[in-house]
J.: 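Handing you a structure now.
Numbers for residues simply follow the sequence, beginning at 1. Counting starts at 1 for both ligands and their atoms, following the listed order.
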Amino acid sequence: MKILIIGSGGRENVLAWKIKQSLKCSKLFVAPGNAGTAAICQNIDLDIYDFKKVKEILIQLSIGMIIIGPEAPLVGGLHDYLISIEELSDIIIVGPKKEAAKLEGSKEFAKKFMLKNNIPTAKYRSFTKENIEEGYDYIENNPSPYVLKADGLASGKGVLIVNDKNEAKRELKEMLLNSKFGEASKMVVIEEFLSGAELSCFIFTDGKNYVTLPFAKDYKKIGENDKGLNTGGMGAVSPVSFVTKKFERKIHDRIIKPSMKGILEGKLEYKGFIFIGLIKVGENPYVIEYNVRMGDPEAEVVIPRIKTDLVDLFLTIKNNSLSNFELEIDKRAVATVMAVSGGYPEKYKKGYRISGLNDKSDSIYFHAGTKIDSDGEVITSGGRVIAVTSYGNNHYEAISKSYVEINKIKFKDINYRKDIGFDL
Ligand code: AMP
Ligand code: GLY
């Protein structure tokens, strides 16, 4: 079967690396991909938001399966569009339909979903410019810190955590009246601040049944000791040592089961990965957010732990046959450390040549923001550049290996966190 992966990050590179190992995959394409995917399969230069072009490529290349990596095309309805095309009626699409993708595309939708299905989450209220005065009152009458969330997609930047009442009101005004996050902040969810350790939980569903994938912990802040600005993620580890059997059961009973029940009862057409961002408050799990895709860089530690053929897993979508499916998980720990461009997540320069990639290594380099220049050299082309993933008998061993290997990679102004996983 010919397979196309949509996206260009580390997540898509690890998906390509894994799918490439499947005997069921006769040819693999990634659109638009990066230098890492170009080395193992064929990149297609394609604007993934031009749905018509995506359709044409699928038909032209006789693609049998498409995996939609990032959230934006899912929230934009790529699945719905493709499935409406007669020539594509047999194609297997990994990723939910538009209505289901609202679980990530609208914080308000996700909150209502959780409320309806009794899923533990922070208390909240939503505001628009029409009731902004009520928003000010809400801030006035509730304790700090205030968590202000743009309702729509804002490339991971739409959440503000503010301590001061007046600043919270100013930010609310910026978001609602001055379009701080554009269309995404036409509605703002203000929620109770929850304090605890965060972790990422992943499910794969065929539309009816589901399997849980290994847990992971992501390191979102740019600086050591979780200081500084939020990023897409600076590193990750799996498994997560503070997830005991007892805590895992709570996650399953209180979060995963009711989420799946809500999806089925709400007739949300969902086939693909569900990523539940969790926070451990005391001994109990709460949902911070739903994402309708794999996490990045979590994918770079979760996918390498899946021993089962990923194409077989995706094929269960065809006949809802996941209930008989056994997922085999590698018991080893996996860690990834992300090398980023100096200045990221704020302004940074691109186009620097990357060296050291051909050194012999036990680790795996998953490319994110890289491309091949006209001389055939690999250069930086984004904020997050390369994730260095390693296996180990425990997470400490895996992390140590990644730190040895990341030292071999050189490009101007390279930066990475030196403390990934050290809190565990
Ligand atoms: P989100 O985009 O919803 O994942 O939020 C981004 C980050 O903001 C999360 O990873 C948390 O670190 C933080 N966050 C979001 N909601 C809350 C909350 N209710 N309490 C504390 N921190 C939060
Ligand atoms: N690493 C967090 C995310 O993928 O949203």
J.: Salt bridge or not between Arg170 and Glu174? Use side-chain N to carboxylate O under 4.0 Å.
T.: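 Looking at Arg170 and Glu174, the cut-off is not met.
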J.: Tell me, please, which residues at least two apart from Phe275 pass ring-ring contact (aromatic ring centres under 6.0 Å, His included).
T.: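 Only Phe202 meet the ring-ring contact (aromatic ring centres under 6.0 Å, His included) criterion with Phe275.
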J.: Taking NZ, NE, NH1 and NH2 as the nitrogens, is one of them in Asp419 or Arg417 under 4.0 Å from a carboxylate oxygen of the other?
T.: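 Salt bridge flag = yes for Arg417 with Asp419.
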J.: Suppose we screen for salt bridge (Lys or Arg N to Asp or Glu O under 4.0 Å). Which residues come up paired with Lys371, at least two apart in sequence or across chains?
T.: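 By the salt bridge (Lys or Arg N to Asp or Glu O under 4.0 Å) rule, Lys371 matches no residue at all.
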J.: Would the number of heavy atoms belonging to other residues, nucleotides or ligands and lying under 6.0 Å from CD of Glu183 be above 12?
T.: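 No.
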J.: Might you work through the side-chain contact (heavy atoms from CB on, under 4.5 Å) test for Asn34 and Asn13, ending with a clear yes or no?
T.: CA-CA 8 Å; Asn34 55 37; Asn13 194 167; 4.1 Å; yes
J.: Evaluate the criterion side-chain contact (heavy atoms from CB on, under 4.5 Å) for residue pair Ile48 and Ile68; output intermediate values, then yes/no.
T.: CA-CA 10 Å; Ile48 61 171; Ile68 305 171; over 6 Å; no
J.: Under a strict 4.0 Å criterion on non-hydrogen atoms, which protein residues are in contact with ligand 2?
T.: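 Around ligand 2, where the cutoff is 4.0 Å for heavy atoms, the contacting residues are Asp218, Gly232, Phe275, Arg293, Gly295, Asp296, Pro297, Glu298.
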J.: Every pair of nitrogen or oxygen atoms between ligand 1 and the protein that is under 3.5 angstrom apart - can you list them with their distances to 0.1 Å?
T.:
{"residue": "ligand 1", "atom": "2 (O)", "partner": "Lys107", "partner atom": "NZ", "Å": "3.4"}
{"residue": "ligand 1", "atom": "2 (O)", "partner": "Glu289", "partner atom": "OE1", "Å": "3.4"}
{"residue": "ligand 1", "atom": "3 (O)", "partner": "Lys107", "partner atom": "NZ", "Å": "3.1"}
{"residue": "ligand 1", "atom": "3 (O)", "partner": "Lys149", "partner atom": "NZ", "Å": "3.2"}
{"residue": "ligand 1", "atom": "4 (O)", "partner": "Glu289", "partner atom": "OE1", "Å": "2.9"}
{"residue": "ligand 1", "atom": "4 (O)", "partner": "Glu289", "partner atom": "OE2", "Å": "2.8"}
{"residue": "ligand 1", "atom": "10 (O)", "partner": "Glu198", "partner atom": "OE1", "Å": "2.8"}
{"residue": "ligand 1", "atom": "10 (O)", "partner": "Lys220", "partner atom": "NZ", "Å": "3.2"}
{"residue": "ligand 1", "atom": "12 (O)", "partner": "Glu198", "partner atom": "OE1", "Å": "3.4"}
{"residue": "ligand 1", "atom": "12 (O)", "partner": "Glu198", "partner atom": "OE2", "Å": "2.4"}
{"residue": "ligand 1", "atom": "16 (N)", "partner": "Lys149", "partner atom": "NZ", "Å": "3.0"}
{"residue": "ligand 1", "atom": "16 (N)", "partner": "Glu191", "partner atom": "OE2", "Å": "3.4"}
{"residue": "ligand 1", "atom": "19 (N)", "partner": "Glu191", "partner atom": "OE2", "Å": "2.7"}
{"residue": "ligand 1", "atom": "19 (N)", "partner": "Glu192", "partner atom": "O", "Å": "2.9"}
{"residue": "ligand 1", "atom": "20 (N)", "partner": "Leu194", "partner atom": "N", "Å": "2.8"}
{"residue": "ligand 1", "atom": "20 (N)", "partner": "Leu194", "partner atom": "O", "Å": "3.4"}

J.: Can you see whether Phe109 has Lys111 sitting over its ring - NZ or CZ less than 6.0 Å from the centre and within 45° of the normal?
T.: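 That pair does not qualify as a cation-pi contact.
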J.: Mind checking whether Phe314 and Phe273 have ring centres under 6.0 Å apart?
T.: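 So the answer is yes for these two rings.
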